[in-house]
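A short worksheet on the structure shown next.
Chain identifiers are assigned alphabetically (A, B, ...) following the order of the sequence lines, protein sequences preceding nucleic acid strands; residue numbering begins at 1 within each chain. All values below were derived from every heavy atom in this structure, side-chain atoms included, with hydrogens, water molecules and symmetry-related copies excluded.
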Amino acid sequence: MISSTTEKETAAAKAMELLEEEVAAGSLSDAADIHYLTKDNARFHKTEGKMLAVTVGEETHPVVYVHCSFPHTNKPMYLSVRTVENKEIGMIHSLEDFPEETAQLLEEQLQIRYFTPEISKVVTVKEEFGYSYWEAETTAGLCRFTVRSGGGNAKLVTPVRLLVTDVDGNRFVIPDMNKLTDKEYRMVELCM
Amino acid sequence: MELMIIHSKEKLTVLQQQGWSEKDILFEMTCDRTTDGHFLDTYLVLTRHELLIATSLKEPDEEKTYKGYALPVKNNGRQDEQAGEWSVQTMKIGEIESVFIVNLVASGMLVMKAPEERIIAAFTNGLMTKASRLAAIFTKLKQQEELDSELLEDEGEGASCPKCGRIYPEEGREICPKCMKKSALFVRLLSFAKPYKVSVLVVIVLMLLNSATGLVIPYLTGTALFDQALKGEGYFAGQIGLVILLVIVFRTLSLLFGVLFGIINAKMAANIVFDLKSVIFTAMQRLSLNFFQRKQTGQLMTRVNNDSAELQMFFIDGLSYFIVNAMNIIGITVILLVLDWKLTLMCLLPLPIVVVLVRKVFPKLWRLSWRRHRRVSAMNSIISDSIKGVRVVKAFGMEQKEMERFQRANVNFSGSEQNYNRLSGTIFPVLNVLTQMGGMLIWAFGGWMILGGEISFGLVLTFVNYMYMLYGPVEFMNNIVGWWSHCMTASQRIFEIQDANPDVKEKEDAIRIPVMKGEIQVSNVVFGYEPNKSILKDVTLQVKAGQMLGVVGHSGAGKSTLVNLISRLYDVNEGAISIDGINVKDLAAESLRSNIGIVSQDVYVFSGSIAENIAYANPDCRVMDIVHAAKIANAHDFIEKLPDGYDTLVGTAGYNLSGGEKQRLSIARAILHNPKILILDEATASLDTETELQIQEALDKLIKGRTTIAIAHRLSTLRNADYLVVMDQGKVVEEGTHETLMSAEGAYYKLVKKHDEALKMSEVISA
């Protein structure tokens, strides 16, 4: 698992290099034919219904959603702007390429789509009869949830990032296992 | 309709302020998250004419308890909550075009179109079912359709344990893992031993005899030998021979009892585990397809094997040893106290240290062993990766990289292995020394007492021997906590399967039709594997008896799902499917299975001979029938070519059949099954043109005289179809005969044109 994530990282890095050498390595990006949205060719705005709309060239898409290509390894890079029917309008190379206002708008969309409380402190994890009961302080407040043991419900998605999925499929994440205290680590480790 | 009761006072106030009363309400739900990553309630209420959206104006909640976590029991009355401000908006249903759900990552969002799209509220995953019901009810209201009572009913979802208020983690299984009485679990587990109660009794008696005879020996070798026989006083004065003889007799008896109980115990435990395994396996076969798709296959296989092995321990090592060890501890302690209470206390001196040490170190040891286990699995998966993927590894010249990958995992593993060994290598000798220490203390203290003439040498020897006998059982008791929880977890997992309710249930008074005519009617069927992800939307179609219906469409159009529903591997969410005018829900499973045959794209070949595979659905058929079926399926020729003919073993570790050969076997299987209704689900999709032609020929023979539903994206497969249905995104978009559809120049026409072009292309390529 460890190496697959690093591979993902290198894949992402490679893709970026390719983009930079677009002229030289034209063949691959030509073949992929991905339409990149930039601050020059796309205008994002928020509708009255608090949805995200984008105008590309002449065409306006009244409701679009922003998907992360690398939600665990590289959140603000390679965002895919899609309609609810999952049609890609275009990709965003990096949030940094956009003025702050737009970047914030897109960031909001990521918040909506990727609702994953980040665990800042593990209060208790108690395992009993095939379920572990978690109590943790998260970015969304104190959360208590139940995780079925085994079956990859707590798994490392990068060497340090732990994704925990509860019985309903709700997601929680420990961004850096190394930052846990010894006591927290011990509790969490037994559920991995 | 039942009256909706609003349990929250605060929400009731909101409704009253709007002049709404409980009887108007069709449906209500509380969405629990905001769009900016916090928890805050949005209360939604639906009446026949209006939708109310009340957004809490409070600060975001600082706490959230998800489903399954223990909470104090909520009383059923209305709760007093801190009243907060709500921003309330009501909309007429006429003003809203539609309400739908947008699936997000691990959560969802209700969106309305009025006429511009806007967010109503967002919710966490647990509320998905409820939200999709809200959307479904809204759609019905909008279309002024009758509301099913099923839709409005609270399905008992989120039913919670009456004792602790914890919501049952597994839907449809009303067992709270927390409150489930462990004693009840234990009793249930014991019930497996019930048929063997005579054996159990014999085993326990034998074990008690074994320890009783064992308990005599230290007395004989100590006090009796040294203090009486050798000293020439007391009962055994001078009778050294007798004492030695007695020692030999008791040792032999003890050994005999031991061997005997071992044999009986092993036999009994094997029988019990056999029963357990068959219980799990039978329970699994009873469950619906859905259950298997939710759980990973590996996990289920572990359950059948490992969990029952774990329980084998319970019956072999646990139960009887527990009783005997408990008796031993009590017996030995009593004997020791009677012999000399001062020495007894002395030898128990190191015991607290042992207990403390075990308590402190063993959890750590367990953690380290778990870590080691995880790293071994990681390493094993790399090994299996590079062996199974060896072609890819070699093709890309990545051997070096694979070695590095393995090296990393190997280093990790050896590190954790060393840690584990270091600790276990330290703790066990230390524990050993500590237990020996008790003996040392007795020798020292006892020796001093002997010199003082207070006690005799034989007594000290007896004492030391008894003490050593005590440590085994004590250690056993020490481990019993971990062992107990392991067993209970394993049995809990096993009972979970046994208790799981199949989603697709057969009615008690199900109708049996031995031979169906084969008329199929699908009316207004809506279905999705997950809430809110409808795969089929309002599908209606009809197949007359003996007709062949062709279903065409792109992949993902819902064609295979339709098949799953007709054969009732799943139940429809809305609408109905009937065969010969009877709803499939009312039909006996046995009648359905014997009348419907499926030939699908993914063919499974079971371990066994080719003949057994063909006769799978009909094991009692004549050999001749097998050969005939194979002949009709165009399988006969390739089977005859094999050195072992119809006896060729296939499946895991058997002869490797090609895709086309497997497909022909499965067709032969269907031919022998001789169903009235035949479903061909992309039966030839994965084969090359040549093989497809052969199989097509076989299929044409099979189709005669049966109602056939053929699904294909290759249109050539459907040339014999009497009637065609074109599906797209879960809907029937066109239907008619080939001619009418071609002249309509619609979706079917386009598909045929595309197909022709593709054919031409392949002709050009092959030319």
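Geometrically, Arg144(A) does not engage Tyr66(B) in a cation-pi contact defined by less than 6.0 Å to the ring centre and at most 45° from the axis.
Residue contact with chain B, scored on non-hydrogen atoms closer than 4.5 Å, involves the backbone and the side chain of Glu48(A) alike. Both the backbone and the side chain of Arg367(B) come within contact range of chain A, judged by heavy atoms closer than 4.5 Å. Heavy atoms of Glu63(B) lying under 4.5 Å from chain A belong to its backbone as well as its side chain. Residue contact with chain A, scored on non-hydrogen atoms closer than 4.5 Å, involves the side chain of Met109(B) exclusively.
Glu189(A) has a carboxylate O that lies under 4.0 Å from a charged side-chain N of Arg371(B), or vice versa, which qualifies the two as a salt bridge.
Checking side-chain atoms of Arg171(A) against main-chain N and O of Ser107(B) turns up no donor-acceptor pair under 3.5 Å.
Screening Thr124(B), Leu104(B), Asn125(B) for a side-chain contact (heavy atoms from CB on, under 4.5 Å) with Phe115(A), the sole residue that qualifies is Thr124(B).
Listed by chain and number, the residues in a side-chain hydrogen bond (donor to acceptor under 3.5 Å, both in side chains) with Lys121(A) amount to none (sequence neighbours excluded).
Between Glu116(B) and Thr47(A), some side-chain heavy-atom pair lies under the 4.5 Å cut-off. At least one side-chain heavy atom of Ile112(A) sits less than 4.5 Å from a side-chain heavy atom of Ile119(B).
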Please step through side-chain contact (heavy atoms from CB on, under 4.5 Å) for the pair Val84(A) and Val111(B), ending with a clear verdict.
CA-CA 11 Å; Val84(A) 74; Val111(B) 175; over 6 Å; no
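Along residues 49-56 of chain A, the residues that come nearer than 4.5 angstrom to chain B, judged on non-hydrogen atoms, are Gly49(A), Lys50(A), Met51(A) in order of number.
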